[in-house]
Asker: 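Here's a structure for you.
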Amino acid sequence: MGDAHRRVGDFVRLFSDAFYSQEGSSLSPLLSVSSSSTSPFLLSVADGLAAFQDWGRLLKQVDGQLEDILSHLLRAVQSFRAGRFMDAYIAFEKSANAFLQEFRNWESAWALQPLYTIAYEIRVLAEKADWELGSLGKNPEKLKGAGSYLMKVFGALASKGPKRVGALHVTCQLFKIYFKLGTVHLCRSIIRSIETARILILKNKLIKPSFQVTYMYYTGRLEVYNENFLAAEQKLMYALSHCNFRREANISFSPLSYLIPVKLSLGILPTEFLIEKYNLVEYTRVVQALKRGDIRLLRGALLEHENRFLKSGVYLVLEKLELQVYQRLMKKIYMLQRLKDPSKAHQVKMEVVVKALKWLEMDVDIDEVECIMAILIYKNLMKGYFAHKSKVVVLSKQDPFPS
Amino acid sequence: MELESNSLEKEQVKGAGQGQPSPYASATPGHQPWTLTPGSAGVEWNSYRTDNGSVENGIPSISSYHDDQQTKNTAAFQDGRNVVSYASSVGANTSHDYSAYITNQNSTDPYPYQYQSQYYGYQHSSNDSSHQQVGVVQNTGAPYQPLSSFQNASSYVGPTSYSSTYYNPGDYQTTAGYQPAAAGYQSSDYNNQTNLWNDGNYVPHQYSNYSLPDANAGQCSSTATVDAAHYQQQYGQWAGYYSQTASDVMCAPGTEHVALTSVSAESSVPDFNPGYPVVNSQPPPPGTTSWGRDTTSSGFPSLQGKDVAGYSQNSNWQNGPLVFAKQHGSQAPLHFQQTLGSTPPSYANMEEQQKMAHAQGSHVRFPSSNQVPQNFRPALNPLPTLEALRASKIQIPTNPRIATNLALSIPKMDKESSARDAASTPAYINVSSSKPSSKLSSHDSAESLTKQDFFPPSIRAYVERSFARCRDDAQRLSNQNLLKEIITKASTDGTLFTLDWDTEPLFPLPTTSFDARNKGSPQTSVSLSPLHKLRRSPSRRTKSRWEPVVEEKVVDKVAHLTHVSVDNTSFNRFRTEKVSDVARYESKGNGWNNTKFVSSQQTSSNRNVQRPAKKPRFSDSDAVQNGSVSSDSDKDQDLTKYHSSAISLANSPEERKKREHRSKRFEKGQERLAEQKNYQPKALRQGGGRNRRSNIPLILKNEDGPKRAVEDIDWDSFTVKGTCQEIEKRYLRLTSAPDPSTVRPEDVLEKALAMVQSTSKNYLYKCDQLKSIRQDLTVQRIRNELTVKVYETHARFALEAGDMPEYNQCQSQLKTLYAEGIKGCNFEFSAYNLLCVILHSSNNRELLSSMGRLSPEAKRDETVKHALQVRSAVTSGNYVLFFRLYKKAPNLSTCIMDLHVEKMRYEAVKCMSKSYRPTVPVAFVAQVLGFSSEDADGKDAGGVEDCAEWLRAHGATITVDGNGEMLLDSKVTSSGLYMPEPEDAVAHGDSNLAVDDFLARAAP
């Protein structure tokens, strides 16, 4: 009892000391509710709270706003320790709101560090709370709530002043939430204000590279959705080259799984070594299909990993590779014909193509093949024209398959 | 007679006073337990309630007192039912009350609860002892009242409002005209004002007042000396209460409202009884005040104490009250005698009188508590001879008014008081005389009583069930209140015995704990809300209650309506217009109940009363209510002039704001009541509906006050249950809460759907009908397979007609319905959904998520497979595949694909004209692009002609070769293609809105 009392008292004292002396770095770990299972100090505090029911009295000594922050924070710690994540989230959100209110009043940006912690914690707690809600059959809505809280934080940061650099961190947390919730369209306004405010100046020393990497990663993914492959490639490449691969978490987060389809669309194939190194096996057959012009392989790969590709949002990108596969096939036919008879190599008869596709067990008739040829020509994947009467594709003699 | 009555009354009063002490003494033993556990008192009460089904109501009210007076009041709202229960429980309560009383007295604890209990005890004691005791009870109650806002209200009201309104009422006695028109209303308004004033007074003066009251009490009621002592103690307690908690203070303001409400309750009573209300309202406030003064004298004293300086009248008041009490006592006896002589109802009368006394006492004591007691009383009143009670009440009110009047106009007051004392007694006498006339009302009361007595076991089981859900006392309280409401409604509706209580769904429990909130006014508001709702429709309800129950009532109503003013006047006249009084009494009884139940209710009722005053014609109209608030403030201002000192507090803008806020709160509460409307007859429901609608935003608005989360609002309770049997119904966008009489229940909707499906009328008709079906489903919150069927049907019709906006609405609804696991043509519509996403937007994310949501089973479904193939064809631009799929599209997929054909063809021609050289036969184009008819050889001229026409329209160049075959010159065409302006394009972009098209489609 006495021990519990002391530990909770210590926490309150530490917190208020850091709060009043404005030491962000010492305040920050005290806010890290979700680490209370690993941090010995917070763990002891959580146990102390459980043992010392009357801890509310200890808060009498601190004044209004801090009491708000602390009482809810302690409740969150206690609930988290007890595995009641929903309660923990609710309490933490209250605490975070009180903190944000104070934060708005501070001229300096000393509290950015604790705010980062809060932004992170609220997301993690919301995810856990939603998991708990989901397991109870209730509507998981806390992550959404965390999103709107972070939008408030963003609003407090995005204006001018020294706090502005903090906006990027919050943006990253917001991205994570929005991508998880599937409300990606909400990112647009954030991106706009980030880019107009030029918060993200690359190599800005004030901004931790990890935030920049995260930001580039998510905006790159957005570009993938929009099939804006060049911009996507650029952003994802930045993220890839700057992310810290020594951290294990970054391997699953790897921008590679998005960068590969983007590069494939641009006609750049990854090496087998790369795919194996990062365990991106789902792309193995896709790459093979592209190399061989084997449409069946591509469709099989898409079918096999359909859910995965749908979830990550690259399904449509990969599906569009079909035309490239057809192009590859035509190219192969063309090369074979050239080996056989260079003078007639540029005339590819439809029967040949149909035969090739039949051999690949594709159920197509001549009309469809004609259509595919027309599309290839139309999309400039193949130079030449189609003669309907003779059912022949006449390829250009110069560089018939531009890449 | 008057003189005699006065003397009798006085005697009675004395007796009562004496009796009171003695009962107290006797009760004291019992008291001790009570005193010991003031907090537990509530629990005990609960137990009491449990004991008596009807008692429960009363008990709840008590408990509510503990928790929140307001909540109790809410219970009171339920009054109709509560009343019944009250009546039934009265006996038990009384006994308990005795004990409670004792405890209260003994323990001068500051707890209002104790007071309440004391009140109850008083009442009970009075009941037990006799009618005379009742008078005593009243006395005791009176002191309590002073403690609470009631005292202030009474005194204040007396002075201020009285001066303004009451004086007018003063007219009561003298000028009947006033009363009829404005008297009642004014009185009600005044009451409100007075309450407010009282509140203000309360806060500042309460303590001093209390002490003063004590002295006064002593002075006032010689008989009540002992009581006075008790009162003093109580006062001290009250003071403690006030001082103790800000919330208490809040209560005081709230109580102001409450007091107002109580007053208003009185007034509201009038509301309940259209005609009656007015009268009731007027009399009750005064009555309550007077009662408080009389019995408690302390309450009056407080008024006096503060006012004394200003108001010598106070003494008069006290006297007046005392007289009143005496009168009451005398009246009660008279009634009893009369009633006894005449019929058993006399018993009821006795009880009622007692109740009246109780109610008064309660009123006097706590604004909130007062309300509660009032509620009890109302219940009692209705149960027993409402008439007698009413009569007594009426008398009382008149007396108070008189007293107030006296106090207000010192000269007048003095005269009046003196005169009143004399006159008051006569008035009482009148009451007694009026009793016969009030017999009708007594019948009603008897009915109500009988109802109470005859609760079927199923109801008891229902009650038990509902209580079984309660997790804490607060819930139990609210539950009790709600139960009361329900039962009263059922009894008033006459469905008490016809309803299948075993299958009747339990009403939703308010989730908020009243305990915490009760302290604060917001809390009370929450608890009150149901009550408020009830009150909202008080006029209606009362009407409904009374109308169906007894035809006599109609007469009464007429009398009321015509005589609302008359009643008021009659109050003044009490003596003269006995019959009207009786009717009024009944109404009063109701009003009492209403008022008593919830302080907030009371306020609302006050408003109602006020409204009538403003616009007597619209007494029923709810809209007036809103106005009433402002009017209140206006009146308040007037009052302030009169009572600058006392009023100043009340009049301050902050105070007014608070008041308005509070009043809004009540509106909220009324919404709750609206829930109950479901159980009520149509007329009531309708009224409720209106209220409900306006109240919902208020509820939401008020949330911040009591910190009530949206999720805590029980939206289920707003669900409507339709009664309309018409199969055909035009769609009309709702601009107000739905009227159950125009909403079709599920079985009728099923027929309606079948009708629409088989009708040969055009789409517009079908759409209209389906929309109205959808609306009825939504309003009744029916979400089952029928709902799915309706939406599916509508979606199909919309697809056939190309009405995509309507289709999209249905589709999104279906999506959520399917997600809830309701069966339907799930796959078919996910296929449609997929097609829509593909064809109508290039939103890759949406497409991905739609595809991601498909289950493996869905992917095996033919329709879905087809849709997926179409998607693939569209994304890859494979027009050949697309048009093949178009030709074999299942179900209505064709309709969706139709919308994409034009775009697809255009893209295809663009593609072909770029890749084909030198020419493409038009016949081939026609075949590939789906122009030709479905035959395999499909080169019939028709298709080719169409295709050629289409190609030309899009800027293609067509040549004819030697064989007469049309050829598309691809090279020329590739640079000349364009999308023609759609022929049916309209400026506003929605071709469905084109007038010609609309008219064409509208034609059958």
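Excluded from the calculations below are hydrogen atoms, water molecules and symmetry mates; all remaining heavy atoms, backbone and side chain alike, are included. Protein chains get the first letters and strands the later ones, always in sequence-line order, with residue 1 at the start of each.
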Asker: Which answer fits E370(A), side chain, backbone, both or neither, if we ask what part of it has an atom under 4.5 Å from a heavy atom of chain B?
Answerer: both
Asker: Tell me, out of A908(B), G852(B), P921(B), who's got the most heavy-atom pairs with chain A below 4.5 Å.
Answerer: P921(B)
Asker: Under the side chain to side chain contact (heavy atoms under 4.5 Å, CB included) rule, what do H388(A) and T919(B) come out as? Steps first, then yes or no, please.
Answerer: CA-CA 7 Å; H388(A) 178 73; T919(B) 57; over 6 Å; no
Asker: Sort by residue number and list every member of residues 312-326 of chain A having a non-hydrogen atom under 4.5 Å from chain B.
Answerer: G313(A), Y315(A), L316(A), E319(A), K320(A)
Asker: Tell me, side chain or backbone of S913(B) under 4.5 Å from chain A's heavy atoms, or both, or neither?
Answerer: neither
Asker: Any chance you could lay out the side chain to side chain contact (heavy atoms under 4.5 Å, CB included) test for F386(A) and V920(B), step after step, and finish with the verdict?
Answerer: CA-CA 10 Å; F386(A) 189 84; V920(B) 193; over 6 Å; no
Asker: From K914(B) NZ over to K379(A) NZ, what is the distance, rounded to the nearest 0.5 angstrom?
Answerer: 10.5 Å
Asker: R308(A): what forms a salt bridge (charged side-chain N to carboxylate O under 4.0 Å, His left out) with it, not counting sequence neighbours?
Answerer: E282(A)
Asker: Within the structure provided, determine whether I377(A) and R917(B) are in side-chain contact (heavy-atom separation under 4.5 Å).
Answerer: no
Asker: Within a reach of under 6.0 Å around CZ of F175(A), are more than 12 heavy atoms found that belong to other residues, nucleotides or ligands?
Answerer: yes
Asker: Please report the interatomic distance CE(M851(B)) to CZ(F309(A)), rounded to the nearest 0.5 Å.
Answerer: 12.5 Å
Asker: Return the minimal non-hydrogen interatomic distance between V880(B) and D367(A), and the atom names on each side.
Answerer: CG2-O, 3.7 Å
Asker: Got a sec: does the CD of Q398(A) have more than 12 other heavy atoms crowding it under 6.0 Å?
Answerer: no
Asker: How long is the gap from CD1 on I375(A) to CD on E907(B), to the nearest 0.5 Å?
Answerer: 10.5 Å
Asker: Atom NZ of K389(A) and atom CZ of F924(B): how far apart are they, to the nearest 0.5 Å?
Answerer: 14.0 Å
Asker: First locate atom CG of N380(A), then atom OG of S915(B), and finally report the distance between them rounded to the nearest 0.5 Å.
Answerer: 11.5 Å
Asker: What is the distance from atom CG of N307(A) to atom CG of L854(B), rounded to the nearest 0.5 Å?
Answerer: 10.0 Å
